[in-house]
Amino acid sequence: MANISVLGAGGWGIAIAVLLNNNGHNVTIWSALQKEVDMLSSKRENEVSLPGITVSEKIKVTADLKEAITEKDIIILAVASSYIRSTAARLKGQIKDGQIIINVAKGIEDVTYMTMTDIIESEVENANVTVLSGPSHAEEVGRGLPTTCVVGAKTIETAQYIQNIFSSPVFRVYISPDILGIELGGALKNVIALAAGIADGLGYGDNTKAALITRGITEISRLGIAMGANKLTLYGLSGIGDLIVTCASMHSRNRRAGILIGKGATMKEAMKEVNMVVEGVYSTKSAVGLARKYHVNMPIIEAVNMILFEGLSAKDAVNELMLRDKTIEHPELLWDDINEA
Ligand SMILES: NC(=O)c1ccc[n+]([C@@H]2O[C@H](COP(=O)([O-])OP(=O)(O)OC[C@H]3O[C@@H](n4cnc5c(N)ncnc54)[C@H](O)[C@@H]3O)[C@@H](O)[C@H]2O)c1
């Protein structure tokens with residue numbers, strides 16, 4: 001049994017806390033938002049982010065960060081990605097050697113283009129930072145529906161330790177050394193989910209969705225490989241796996257925002273209507289910046305950027321994508337490669 005704190009009490013923080021409590025661990029949930037702490041303490045439920053999922057009385061709820069992190073084996077950062085830096089900064093000087101931090105937020109920081117684990121490491125000097133990601137909607141994990149994720153850590157021992165903590169009959173955890181690949185897949189799929197939503201909003205069909213998922217993962221892996229991630233990771237749970245679930249599910253706020261934009265809403269109107277942080281909007285800017293920095297061609301992500309920030313109509317963006325220069329599906333697979341095989 002481990003002592004675990006979950007920092008962040010939105011849908012994902014609650015679902016993780018419920019899972020770990022069911023696994024027999026001592027779980028504490030902390031939130032920076034007093035209203036969340038009050039709601040959880042009095043109703044044992046986050047009625048806004050994860051209605052219908054009960055937070056057991058065994059799970060401690062606190063607004064006191066020091067209390068939340070003292071004598072914990074594992075500290076899970078489950079705040080929205082835009083609050084990872086400010087939350088990590090509050091942990092500076094507080095983390096003891098041996099405590100493990102798990103990032104579960106998905107994003108790339110605007111301007112610095114840093115991943116969430118990079119941010120945490122830059123703020124908390126002695127941190128042993130790991131990541132857990134994959135196709136895992138809180139609404140389904142909270143209900144105990146079978147789910148798989150992957151944990152990335154610097155050593156196999158740390159990865160296996162976390163694997164054992166999370167694993168259950170309804171939550172299967174794989175491990176990987178590729179922290180960067182896991183993080184990039186999780187952040188960039190949100191941009192493609194916006195595109196998939198836009199296509200749905202325009203009334204397009206399953207063919208379009210499949211094209212966006214397939215060409216989307218091609219773009220994500222191009223950038224990931226240029227940045228040092230492994231292609232296998234991008235075609236695994238935290239890459240294509242998370243991309244499929246996000247593009248297909250109404251649980252995805254990125255897809256829901258995209259649908260509204262496809263139907264004619266502006267980015268700001270869509271974000272207001274979804275009424276939650278739409279992380280893909282921020283990751284779009286970072287992805288475009290990274291594509292330019294690493295000289296990688298990412299036409300779908302560029303098109304989403306033009307729709308969100310430069311006023312291009314969704315329909316015109318699709319036309320431009322369809323009528324781009326004709327090309328080979330995989331430039332690394334040419335006729336000689338097949339003929340020689
Ligand atoms: N919801 C899911 O199904 C799911 C699944 C996997 C990963 N994730 C990732 O986990 C992260 C959290 O997701 P979520 O759905 O719980 O998000 P959310 O937007 O519901 O919750 C974010 C939480 O951040 C915290 N927060 C808000 N303002 C804050 C502030 N100023 N300072 C510190 N903390 C603040 C609050 O506790 C809030 O509940 C995201 O990065 C998301 O991509 C979500």
Side-chain angles (χ1 to χ4, degrees), residues 5-19 28-41 45-51 53 55 61-65 68-69 75-91 102-109 115-117 119-120 123 131-143 145 147-152 166 171 173 182-191 193-194 237-238 241-243 245-246 248-257 271 274-283 286:
S5 234
V6 182
L7 309 186
W12 194 216
I14 302 280
I16 286 178
V18 168
L19 169 78
T28 301
I29 299 180
W30 168 89
S31 175
L33 311 180
Q34 188 62 47
K35 64 174 192 247
E36 265 180 356
V37 172
D38 293 343
M39 188 199 308
L40 286 174
S41 303
E45 179 186 351
N46 186 332
E47 293 172 316
V48 181
S49 304
L50 201 61
I53 303 300
V55 175
V61 180
T62 182
D64 180 341
L65 187 60
I69 60 177
I75 294 154
I76 300 173
L77 262 73
V79 297
S81 52
S82 42
Y83 300 116
I84 284 286
R85 186 177 287 282
S86 56
T87 307
R90 294 179 66 180
L91 301 179
I102 308 177
N103 166 56
V104 297
K106 295 172 181 174
I108 299 170
E109 194 174 48
T115 63
M116 300 295 109
T117 52
I119 292 172
I120 299 165
E123 294 290 341
V131 61
L132 177 137
S133 190
S136 52
H137 283 309
E139 293 80 354
E140 298 186 6
V141 173
R143 287 165 54 214
L145 304 185
T147 298
T148 53
C149 272
V150 58
V151 163
F166 275 83
F171 201 81
V173 181
I182 293 171
E183 290 241 70
L184 290 177
L188 296 172
K189 58 91 193 179
N190 284 334
V191 186
L194 277 166
L237 288 170
S238 55
D242 208 357
L243 182 60
V245 82
T246 314
S249 173
M250 274 315 274
H251 293 313
S252 164
R253 63 190 82 166
N254 293 285
R255 176 167 171 247
R256 277 187 279 137
M271 285 180 61
V274 170
N275 198 21
M276 289 165 131
V277 181
V278 181
E279 289 173 316
V281 169
Y282 305 102
S283 294
S286 308

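All ligand and atom numbering here is 1-based and tracks the order in the structure. One-based numbering along the sequence shown. Predicted, not measured: the structure shown is a model, and the values here were computed from it.
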**Request:** Would you check if V55 and E45 make a side-chain contact, meaning some heavy-atom pair closer than 4.5 Å?
**Result:** no

**Donor-acceptor pair, side chain of S133 and main chain of S238, under 3.5 angstrom** = no

**Asked** Hey, does the side chain of S31 reach the backbone of A9 with a donor-acceptor pair shorter than 3.5 angstrom?
**Response** no

Please tabulate, one line per pair, the protein N or O atoms found under 3.5 Å from any N or O atom of ligand 1, giving the distance to one decimal.
unit_1: ligand 1; atom_1: 3 (O); unit_2: A138; atom_2: N; d: 2.7
unit_1: ligand 1; atom_1: 10 (O); unit_2: V104; atom_2: O; d: 3.4
unit_1: ligand 1; atom_1: 15 (O); unit_2: R253; atom_2: NH2; d: 2.6
unit_1: ligand 1; atom_1: 16 (O); unit_2: G11; atom_2: N; d: 3.1
unit_1: ligand 1; atom_1: 16 (O); unit_2: W12; atom_2: N; d: 3.0
unit_1: ligand 1; atom_1: 19 (O); unit_2: R253; atom_2: NH1; d: 3.3
unit_1: ligand 1; atom_1: 24 (O); unit_2: A80; atom_2: N; d: 3.3
unit_1: ligand 1; atom_1: 37 (O); unit_2: A9; atom_2: N; d: 3.0
unit_1: ligand 1; atom_1: 37 (O); unit_2: S31; atom_2: OG; d: 3.4
unit_1: ligand 1; atom_1: 37 (O); unit_2: E36; atom_2: OE1; d: 2.6
unit_1: ligand 1; atom_1: 39 (O); unit_2: G10; atom_2: N; d: 3.0
unit_1: ligand 1; atom_1: 39 (O); unit_2: E36; atom_2: OE1; d: 3.2
unit_1: ligand 1; atom_1: 39 (O); unit_2: E36; atom_2: OE2; d: 2.4
unit_1: ligand 1; atom_1: 41 (O); unit_2: K106; atom_2: N; d: 3.0
unit_1: ligand 1; atom_1: 41 (O); unit_2: E279; atom_2: OE1; d: 3.3
unit_1: ligand 1; atom_1: 41 (O); unit_2: E279; atom_2: OE2; d: 2.6
unit_1: ligand 1; atom_1: 43 (O); unit_2: E279; atom_2: OE1; d: 2.4

**Message:** So V104 and V6, do their side chains get closer than 4.5 Å, heavy atoms only?
**Reply:** no

**Prompt:** Any side-chain heavy atom of L91 within less than 4.5 Å of one from E123?
**Reply:** no

**Asked** Is the number of heavy atoms from other residues, nucleotides or ligands within 6.0 Å of CZ (F166) greater than 12?
**Response** yes

